Amino acid sequence: MVSADKIVQEPLRPSVVQMPATPMGSERMEMRKRQMSVQQESAAGETAPSQQDQQDQPGQPGQANPRGSNACCFCWCCCCSCSWNEDRDERNRKASYDVKEGTSDCEDCPMPTLEEVHSWGQSFDKLMCCPAGRNSFRQFLRTEFSEENMLFWLACEEFSKDANKTPVEERARAIYEDYISILSPKEVSLDSRVRETINRNIQEPNLQTFEDAQVQIYTLMQRDSYPRYMNSSAYKNLLNTLSEQSPES
């Protein structure tokens with residue numbers, strides 16, 4: 001009996017050693033799958049902490065900026081990894097050359113007269129020379145999602161007339177970021193020649209840096225938007241309203 005048990009048990013020893021081989025291989029596969037899934041999750045979540053930090057700390061851009069040391073020398077250009085672009089919102093609040101706060105909808109001006117509104121139909125120059133005309137035209141451009149053209153033109157006007165109040169370089173950077181940079185949501189449409197000229201001159205800006213661009217946008221509004229404005233209900237309704245209010249009517 002003893003010898004028989006030994007004979008039965010001895011063949012079982014190799015099978016006991018070999019049985020865990022298959023589970024060990026599957027465990028390795030499971031380990032590899034887990035490692036790959038962890039790597040994928042970590043790669044996908046690399047940008048999440050910075051976005052969460054921005055949500056948890058509103059109004060404090062740039063504090064958790066891991067790329068601050070990589071800022072390029074010309075920060076106001078098109079470098080998307082530059083720290084200058086990452087705190088753009090804060091900078092624009094301080095140095096934007098849009099129409100000033102409190103007059104975001106229109107310039108300060110009296111109600112136009114009937115004669116003034118009639119004169120707007122004579123030429124685009126007369127419309128743009130009248131503050132009330134610019135206001136009415138700007139509101140029309142807003143309905144066509146092209147208000148940035150008027151905002152850029154106004155910014156250039158202020159830029160050229162405000163030589164002593166703020167350094168030229170700071171004001172030029174603000175205009176470039178607001179209306180020329182391809183990263184701006186208010187980028188105006190310029191041809192390649194004018195854009196390349198600005199990109200060269202912005203390194204050492206002067207009061208004539210945006211002169212060609214301003215003329216081009218003015219011409220664009222005159223040829224494209226102005227005829228539609230003259231045929232719009234906005235202009236016709238204003239003309240009818242003033243006609244009804246006129247003592248002569």
Side-chain angles (χ1 to χ4, degrees), residues 47 50-51 53-54 57-101 103-104 107 125 128 134 138 141-142 145-225:
T47 58
S50 60
Q51 295 175 353
D53 291 340
Q54 293 177 359
Q57 298 178 357
Q60 298 179 2
Q63 289 186 358
N65 178 12
R67 296 179 296 186
S69 59
N70 295 328
C72 59
C73 54
F74 301 115
C75 300
W76 57 89
C77 295
C78 303
C79 180
C80 60
S81 63
C82 179
S83 60
W84 176 271
N85 290 322
E86 292 180 348
D87 60 355
R88 179 186 300 177
D89 292 340
E90 179 67 19
R91 189 174 64 260
N92 285 348
R93 284 195 293 268
K94 296 180 180 179
S96 177
Y97 275 80
D98 285 349
V99 177
K100 292 183 176 60
E101 184 178 359
T103 61
S104 57
E107 302 174 65
D125 292 339
M128 293 294 285
R134 291 194 297 269
R138 177 181 169 184
L141 292 178
R142 187 178 302 167
F145 304 99
S146 59
E147 184 184 12
E148 66 275 3
N149 291 330
M150 176 64 78
L151 294 176
F152 173 69
W153 188 87
L154 292 172
C156 291
E157 284 292 289
E158 185 175 354
F159 175 72
S160 62
K161 297 176 181 178
D162 192 27
N164 298 323
K165 293 183 180 180
T166 312
V168 171
E169 183 176 353
E170 180 181 346
R171 292 183 289 125
R173 288 181 182 181
I175 293 177
Y176 186 96
E177 280 295 320
D178 283 342
Y179 305 108
I180 308 299
S181 171
I182 60 174
L183 302 177
S184 173
K186 297 183 292 184
E187 178 193 5
V188 295
S189 178
L190 299 172
D191 63 35
S192 59
R193 179 189 62 83
V194 172
R195 186 176 295 276
E196 290 174 1
T197 301
I198 294 176
N199 287 336
R200 289 195 305 267
N201 296 337
I202 196 64
Q203 300 178 18
E204 296 181 1
N206 54 51
L207 296 180
Q208 288 74 43
T209 297
F210 303 106
E211 192 173 75
D212 290 344
Q214 184 182 15
V215 172
Q216 190 170 108
I217 294 302
Y218 187 92
T219 303
L220 175 64
M221 292 189 294
Q222 181 179 18
R223 294 178 178 177
D224 184 58
S225 302

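What you see is a predicted model; the values in this text were computed from it and never measured. If you read the sequence from its start, that first residue is 1, and numbering goes on from there.
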How about [X] and [Y]: do any of their side-chain heavy atoms sit closer than 4.5 Å?
X	Y	result
Glu157	Gln214	yes
Asn199	Tyr176	yes
Glu187	Arg195	yes
Arg171	Leu207	yes
Leu151	Asp178	no
Asn206	Asn201	no

For Glu148, which residues count as a side chain to side chain donor-acceptor pair (under 3.5 Å) partner, sequence neighbours excluded? none
So, taking the atom named [atom1] in [X] and the one named [atom2] in [Y], what distance separates them when rounded to the nearest 0.5 Å?
X	Y	atom1	atom2	value
Thr219	Asp224	OG1	CG	12.0 Å
Ser184	Ile175	OG	CD1	12.0 Å
Phe152	Leu220	CZ	CG	11.5 Å
Met128	Arg134	CE	CZ	6.5 Å
Gln203	Glu169	CD	CD	10.5 Å
Gln208	Cys156	CD	SG	12.0 Å

Test side-chain contact (heavy atoms from CB on, under 4.5 Å) on Ile202 and Phe210 and set out the steps. CA-CA 9 Å; Ile202 196 64; Phe210 303 106; 4.2 Å; yes
State plainly whether the residues Arg173 and Glu177 are in salt-bridge range, i.e. N to O under 4.0 Å. no
Which heavy atom of Ile198 sits nearest a heavy atom of Ala213, and at what distance? CD1-CB, 3.7 Å
What's the shortest heavy-atom distance between Gln216 and Leu190, and which atoms? OE1-CA, 3.2 Å
Which pairs, with at least one residue in residues 205-223 and sequence neighbours excluded, count as a salt bridge (Lys or Arg N to Asp or Glu O under 4.0 Å)? none
